[in-house]
Colleague: 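Just dropping this structure here.
Predicted model, so just to flag it, every value in this text is computed and none were measured. Naming: A, B, ... by sequence-line order, numbering from 1 per chain. Only this structure's heavy atoms are used, side chains among them; waters, hydrogens and symmetry mates stay out.
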There are 2 protein chains.
Amino acid sequence: MESSLTISIQDYLKHIYELTEDGKNASTNALSERLNVKPASVTNMVQKLASVKPALVEYQKHQGVTLTKEGRKAALEVIRHHRLLEAWLVQTLGYSWAEVHEEAERLEHVISEDFERRMAAAMGHPLRDPHGELIPTADLVMPLEDSTPLSALRPKQKAKVQSVKNADAELLRYLENLGLLPGVQITVLDYSSFDHNLTVKAGAKVSVLGLNITSKIFVEHPG
Amino acid sequence: MESSLTISIQDYLKHIYELTEDGKNASTNALSERLNVKPASVTNMVQKLASVKPALVEYQKHQGVTLTKEGRKAALEVIRHHRLLEAWLVQTLGYSWAEVHEEAERLEHVISEDFERRMAAAMGHPLRDPHGELIPTADLVMPLEDSTPLSALRPKQKAKVQSVKNADAELLRYLENLGLLPGVQITVLDYSSFDHNLTVKAGAKVSVLGLNITSKIFVEHPG
DNA sequence: CGATAAATTTAGTATAATCTAAAATAGATT
DNA sequence: AATCTATTTTAGATTATACTAAATTTATCG
């Protein structure tokens, strides 16, 4: 009786994964905000995830949560589904880079392992999704990130956009219009140490980043 | 606050649609069996679907249910999703005719209208799914069926297999092996009026139908 | 026609995930 | 150290869907 995880639990695990990528624990409140659920509900669910066997999270009152090995596997499974789906929807149904997230968000919980394998094979086992995010491997390991945030670049440096992380649909559309998407070659023109913003030349087009988003854009091997 | 129907309700409506295609009402027990839910649970849900506003089903104690206009639209929406998905998964991910049903069963509830439109457009707005079943139109009308059950054929008649209805994965695999799938030309060799079984020649291969499945196979314009 | 079987409904219970309101705790500020 | 504030937890209620067991209605058949 292989009782599979509910959508709700998969979502908790996915967001805990993302919130703990920096090594810190995920707080009740941060989870509450991301999941659009009240903090009290998070406490409840997290207590359940910690007491289930095998435990999916490590949890101590007021100290937030981290994933156990099992929890991490389950999270990476969902993230793999999500990123493969994004890649595949863009390739086969002409979704734009910006639109695809929401659709994948719902599908990621219901596709079979067979579906996952077929997509991966059909695309030649891609390493990154359309936003440039790394796709966990079939055996559920997250590959090492080898790119650098755009904010680390200095004037005159050249680089290639590798990924745009944690951005909402509006920002993605904006960047798409600027031509600032994965694969594009850029050159740093100006730098303000005050707000850590850069002005860059993306491809042929000059683009001004008036927004503080340089920590969301990652580039390949900074020159 | 556009509160969309839950998966559970969509499933009830879909199965009520299928059970009432013959004009009869869907009984509590029949629904219970198809949905793998106890009869008492069906009564509960069906009472709810009848009392919700606008009502999704018409219901009277001991008389079973039929769909209202709204209920039918909702059912056809799910069925359209299902059949487009089947067609699309077969075409783009190489699923076999027999395997695809289960996957579509889960996806049908979570894809967006946008996804539906994109699939339909990508395939040139197909009229039938891989099993030959008619696909409801974008405005949620079920096209008229113009095929005949195989059981209506008599010896020597020739026909083309149009669809195979309500068959489980095992039977579909069996038929696939025989080569008895949509599009194949067949000839009736023998007929037993006792059990309504036919022996037919499918394409080049001689096939014996020892099972009582001639009412599940439909053919185009019987000669 | 009335007995019995089958199908259906009622009534009460269970579980999962959420909510609100109130209580408790931790961390920061004097 | 005392207090304030923000975060987190507890407790209890709610919603949706299912379950079991018992009661009831309908159907069947001798």
Colleague: Considering just the side-chain nitrogens and oxygens of A:Tyr59, establish if one lies under 4.0 Å of OP1 or OP2 belonging to D:dT9.
Modeller: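 Checking A:Tyr59 against D:dT9: at least one side-chain N or O falls below 4.0 Å of OP1 or OP2.
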Colleague: For B:Trp88 and A:Trp88, take the angle between the two ring planes, folded into 0 to 90°, and tell me which bin it lands in: parallel under 30, tilted 30 to 60, perpendicular over 60.
Modeller: tilted
Colleague: How many Å lie between NZ on A:Lys48 and P on C:dT15, as a whole number?
Modeller: 12 Å
Colleague: In whole angstrom, what separates B:Gln10's CD from D:dA16's C1'?
Modeller: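 Rounded to the whole Å, the gap is 15 Å.
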Colleague: Using a cut-off of 4.0 Å on non-hydrogen atoms, how would the nucleic acid contact of A:Ser41 be classed: base, sugar-phosphate, or nothing?
Modeller: base
Colleague: Starting at atom CD1 of A:Ile7, determine the distance to atom P of C:dA16, rounded to an integer number of angstrom.
Modeller: 16 Å
Colleague: Find which nucleotide of DNA chain C each of A:Gln63 and A:Val37 is nearest to by heavy atoms, and output the residue with the more 5' nucleotide.
Modeller: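 Counting from the 5' end, the first nearest nucleotide belongs to A:Val37.
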Colleague: What nucleotide among C:dT18, C:dG12, D:dT8 has an atom nearest to a side-chain atom of A:Ser8?
Modeller: C:dT18
Colleague: Students often get this wrong, so: under 4.0 angstrom with heavy atoms, is A:Thr43 touching a base, only sugar-phosphate, or nothing?
Modeller: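 Base, at least one base atom sits under 4.0 Å.
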Colleague: Round to a whole Å and report the spacing from NE2 of A:His109 to P of C:dA17.
Modeller: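 Computing the A:His109:NE2 to C:dA17:P distance gives 13 Å.
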Colleague: Can you name the residues that form a side-chain hydrogen bond (donor to acceptor under 3.5 Å, both in side chains) with A:His101, not counting sequence neighbours?
Modeller: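 A:His101 satisfies side-chain hydrogen bond (donor to acceptor under 3.5 Å, both in side chains) with A:His82, A:Glu86, A:Glu105 once adjacent residues are dropped.
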Colleague: Figure out the CG/P separation between B:Leu35 and D:dT17, and round it to whole Å.
Modeller: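 Between P of D:dT17 and CG of B:Leu35: 13 Å.
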Colleague: Between B:Arg83 and B:Glu108, is the closest basic N to carboxylate O distance under 4.0 Å?
Modeller: no
Colleague: Does B:Arg118 come within less than 4.0 Å of A:Glu103, counting only side-chain N to carboxylate O?
Modeller: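 Salt bridge: no.
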Colleague: Please classify the nucleic acid contact of A:Val42 as base, sugar-phosphate, or nothing, using heavy-atom distances under 4.0 Å.
Modeller: nothing
Colleague: Let me know the distance between NZ of A:Lys61 and P of C:dT25, rounded to the nearest Å.
Modeller: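 Distance, rounded to whole Å: 6 Å.
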Colleague: State whether B:Arg128 and B:Asp146 are salt-bridged, where the test is any N-O pair (Lys NZ or Arg NE/NH1/NH2 against Asp/Glu carboxylate O) under 4.0 Å.
Modeller: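 Yes, charged N to carboxylate O under 4.0 Å.
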Colleague: Output the single nucleotide from C:dT18, C:dT10, D:dC19 whose closest atom is nearest the side chain of B:Gln47.
Modeller: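 For the B:Gln47 side chain, the nearest candidate turns out to be C:dT10.
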Colleague: Please determine, for the side chain of B:Asn29, which listed nucleotide (D:dT9, D:dA21, C:dT8) has the closest atom?
Modeller: C:dT8
Colleague: Could you tell me the separation between the CG atom of B:Leu31 and the C1' atom of C:dT8, rounded to a whole number of Å?
Modeller: 13 Å
Colleague: Can you tell me if the side-chain N/O atoms of B:Tyr12 get under 4.0 Å from OP1 or OP2 in D:dA16?
Modeller: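 For D:dA16, OP1/OP2 do not have a side-chain N/O of B:Tyr12 under 4.0 Å.
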Colleague: Where the side chain of B:Lys38 is concerned, which of D:dT17, C:dT9, D:dT20 is the nearest nucleotide?
Modeller: D:dT20
Colleague: Could you state the atom-to-atom distance from CG of B:Leu49 to P of D:dT17 in whole Å?
Modeller: 9 Å
Colleague: Choose from D:dT26, D:dT20, D:dA16 the nucleotide whose nearest atom is closest to any side-chain atom of B:His62.
Modeller: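 Per side-chain heavy atoms of B:His62, the pick is D:dT26.
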Colleague: Measuring to OP1 and OP2 of D:dT17, would you say a side-chain N or O of B:Thr6 lies under 4.0 angstrom away?
Modeller: yes
